[in-house]
**Q** 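Before anything else, here's the structure in question.
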Amino acid sequence: MTTVPTLKTNDGRSIPQLGFGVFQIPQDETEKAVTTALQEGYRLIDTAQGYQNEEGVGAALAASDVPRDEVFVTTKLTNSEHGYDSTMSAFDVSMTKLGLDVLDLFLIHWPLPMFDQYVDTWRAFEKLQEDGRVRSIGVSNFEIEHLERLAAETDVVPAVNQVELHPQFPQSELRAYHAEHGILTESWGPIGQGKGLLENEHIQAVANAKGRTPAQVVLRWHLQLGLVVIPKSVTPSRIAENFALFDFELDDDDMARIAKVDTGERLGADPKTFAMR
Ligand code: NAD
């Protein structure tokens, strides 16, 4: 079976470079989808409190014969639970739903800067890590200014920042900041969330030239940029397709052609103004 390459985190651990995202998978379909992904060889599962399917992830992990220490499980603090005490109790609820004693990676889902709580929330994350309840701590949808504030006011540098990232919105500046500060970049919406990226003429041209699908070419682009990538699908054939990335490479011309897709336009919300909780 294919072994996915891993990347080193700034806290001395490692994370698989390819994982399985479960955003928008209904609770009653999640166990089946995660089971299919584990059978295919995925060893990173990315859920969130806000996805309301942590129990489905937990059920799949419990039923699987893959040893617990071979699966990397991520969940995220939901927006309504910011603040030190709320973070602590929301973490406990997640662990019960996931059926886990120790979590691999806990992320702050969104910074919500307008409510000015993410520094307090991060202190709770530091405590959870210090207590050994979570191995690595990170953030999601943080902009450079939010990372700078954590650096100035707290002790632990996030291991990971999970952000919207795909050829249309490649986040070059943020990636450079991460590289400089030892933060791994994890791409959400990596194949463009079914919103037209895979139909782009440059992506199609590279896919045709390589004899690969557009999704495979885009996912390979993420891997070659050194990113962690977590595509989502509930369709078994696509779950397999999105994992079959380790027997081909993009050359410099392919990477340059994919770079032409950059429009600087997000598909999702802007973290500076996103306020939903
Ligand atoms: P994605 O880019 O992974 O797109 C998923 C969609 O693409 C599927 O619903 C399906 O319609 C289509 N698709 C999947 N495989 C395909 C294939 N091989 N060929 C053609 N179409 C295919 O989008 P996503 O689910 O939003 O992002 C991936 C994961 O990132 C999520 O599941 C979640 O875990 C995470 N995420 C995090 C945040 C955040 O705020 N931190 C936000 C969105 C997503």
Side-chain angles (χ1 to χ4, degrees), residues 19-27 30 44-58 73-98 100 103-129 133-134 136-154 156-166 169 171 174 178 183-190 193 195 228 230 232 266-277:
F20 184 67
V22 300
F23 178 43
Q24 289 178 325
I25 305 186
Q27 179 84 276
T30 301
L44 185 170
I45 310 298
D46 183 88
T47 184
Q49 293 169 352
Y51 302 168
Q52 298 182 6
N53 57 18
E54 288 173 309
E55 281 142 321
V57 172
V73 183
T74 304
T75 194
K76 313 184 192 84
L77 181 85
T78 204
N79 292 344
S80 58
E81 301 300 329
H82 265 280
Y84 191 95
D85 293 339
S86 305
T87 296
M88 290 300 193
S89 43
F91 178 81
D92 288 340
V93 174
S94 274
M95 296 301 274
T96 303
K97 288 182 175 169
L98 290 165
L100 299 179
L103 184 67
D104 296 287
L105 178 64
F106 197 32
L107 302 177
I108 299 182
H109 206 148
W110 290 86
L112 304 181
M114 60 294 297
F115 301 119
D116 194 22
Q117 286 182 298
Y118 67 81
V119 172
D120 270 353
T121 301
W122 188 248
R123 293 202 176 101
F125 274 57
E126 290 178 328
K127 173 73 173 146
L128 288 167
Q129 187 181 40
R133 305 199 62 206
V134 52
S136 296
I137 54 175
V139 294
S140 176
N141 300 303
F142 272 47
E143 299 281 299
I144 290 173
E145 66 198 64
H146 311 129
L147 295 168
E148 293 271 87
R149 186 155 173 225
L150 287 189
E153 298 182 33
T154 68
V156 178
V157 177
V160 169
N161 187 13
Q162 183 186 114
V163 293
E164 177 179 346
L165 201 162
H166 41 74
F169 191 67
Q171 296 265 26
L174 187 58
H178 289 165
I183 300 169
L184 291 178
T185 309
E186 186 171 29
S187 308
W188 69 249
Q193 298 186 316
K195 295 175 183 168
V228 180
I230 46 170
K232 171 252 169 181
R266 295 178 186 275
L267 297 172
D270 184 338
K272 289 196 178 75
T273 52
F274 185 66
M276 193 193 293
R277 56 176 186 176

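Just so you know, residue 1 is the first one in the sequence shown, and it goes up from there.
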**Q** So, for Phe142 and Tyr118, is the gap between ring centers shorter than 6.0 Å?
**A**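 Yes - the distance between ring centres of Phe142 and Tyr118 falls below the 6.0 Å cut-off.
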
**Q** By salt bridge (Lys or Arg N to Asp or Glu O under 4.0 Å), which residues pair with Glu55, not counting sequence neighbours?
**A**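 Salt bridge (Lys or Arg N to Asp or Glu O under 4.0 Å) list for Glu55, sorted by chain: empty.
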
**Q** For Gln171, give me all partners under side chain to side chain donor-acceptor pair (under 3.5 Å), at least two apart in sequence or on another chain.
**A** none

**Q** Check for a donor-acceptor pair, side chain of Asn79 on one end and backbone N or O of Met276 on the other, with a separation under 3.5 Å.
**A** yes

**Q** Does the ring of Phe115 carry Arg277 above it, NZ/CZ under 6.0 angstrom from centre and within 45° of its axis?
**A** yes

**Q** Please report the closest heavy-atom contact between Asn161 and Ile183, naming both atoms and the distance.
**A** N-CG2, 3.6 Å

**Q** Say whether, by atom type as modelled, one donor and one acceptor occur between the side chain of Asn53 and the main chain of Ile25 under 3.5 angstrom.
**A** yes

**Q** Go through the structure and list residues passing side chain to side chain donor-acceptor pair (under 3.5 Å) with Thr75, not counting sequence neighbours.
**A** Glu54

**Q** Would Asp92 and Lys97 satisfy salt bridge (charged side-chain N to carboxylate O under 4.0 Å, His left out), going step by step from the backbone distance to the final call?
**A** CA-CA 9 Å; Asp92 288 340; Lys97 288 182 175 169; over 6 Å; no

**Q** Going by side chain to side chain donor-acceptor pair (under 3.5 Å), name the residues that satisfy it together with Gln24, two or more places apart in sequence or in a different chain.
**A**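 For Gln24 there are no side chain to side chain donor-acceptor pair (under 3.5 Å) partners, ignoring immediate neighbours.
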
**Q** Any luck finding a side-chain donor-acceptor pair between His146 and Glu148 under 3.5 Å?
**A**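 No, because no side-chain N or O of His146 sits under 3.5 Å from a partner of the opposite role on Glu148.
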
**Q** Salt bridge check, Lys232 against Asp46: does any charged N sit closer than 4.0 Å to a carboxylate O?
**A** no

**Q** Would the number of heavy atoms belonging to other residues, nucleotides or ligands and lying under 6.0 Å from CD of Gln193 be above 12?
**A**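 It does: Gln193 CD has more than 12 such atoms within range.
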
**Q** List in chain and number order the residues that pass salt bridge (Lys or Arg N to Asp or Glu O under 4.0 Å) with Glu145, two or more places apart in sequence or in another chain; answer none if no residue qualifies.
**A** Lys272

**Q** Between the main-chain N or O of Ser140 and the side-chain N or O of Lys76, is there a donor-acceptor pair closer than 3.5 Å?
**A**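 No: the side chain of Lys76 does not pair with the backbone of Ser140.
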
**Q** What heavy-atom pair brings Gly138 and Pro158 nearest, and what distance separates the two atoms?
**A**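 Looking at all heavy atoms of both residues, the shortest contact is CA-CB, 4.0 Å.
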
**Q** Tell me, yes or no, whether the heavy-atom count around Met114 atom CE, taken from other residues, nucleotides or ligands under 6.0 Å, exceeds 12.
**A** yes

**Q** Could you tell me which residues satisfy ring pair (Phe, Tyr, Trp, His ring centres under 6.0 Å) with Tyr51, sequence neighbours excluded, listed by chain and number?
**A**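 Tyr51 satisfies ring pair (Phe, Tyr, Trp, His ring centres under 6.0 Å) with Phe23, His109 once adjacent residues are dropped.
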
**Q** Within a strict 4.5 Å, meaning less than it, do heavy atoms of the Val160 and Val139 side chains meet?
**A**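 They are not in contact (no side-chain heavy atoms under 4.5 Å apart), so the answer is no.
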
**Q** For the pair Glu164 (side chain) and Ser187 (backbone), establish whether a donor and an acceptor sit closer than 3.5 Å, ignoring hydrogens and angles.
**A** no

**Q** Does Gln162 reach the main-chain N or O of Glu186 with its side chain, forming a donor-acceptor pair under 3.5 Å?
**A**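 Flag not set: sc Gln162 to bb Glu186 has no pair under 3.5 Å.
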
**Q** Mind listing the closest non-hydrogen atom pair of Ile108 and Trp122 along with its distance?
**A**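 Scanning both residues completely, I find the closest heavy atoms to be CD1-CE3, 3.8 Å.
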
**Q** Can you tell me how far apart CD1 (Ile137) and CG (Leu77) are? Round to the nearest 0.5 Å.
**A**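 It comes to 12.5 Å.
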
**Q** Give a yes or no on whether the backbone of Ala90 and the side-chain of Gln49 come within a donor-acceptor separation of less than 3.5 Å.
**A** yes

**Q** Apply the test salt bridge (charged side-chain N to carboxylate O under 4.0 Å, His left out) to residues Glu143 and Arg266: give CA-CA distance (whole Å), side-chain angles for both, the deciding distance (0.1 Å), then the verdict.
**A** CA-CA 14 Å; Glu143 299 281 299; Arg266 295 178 186 275; 3.3 Å; yes

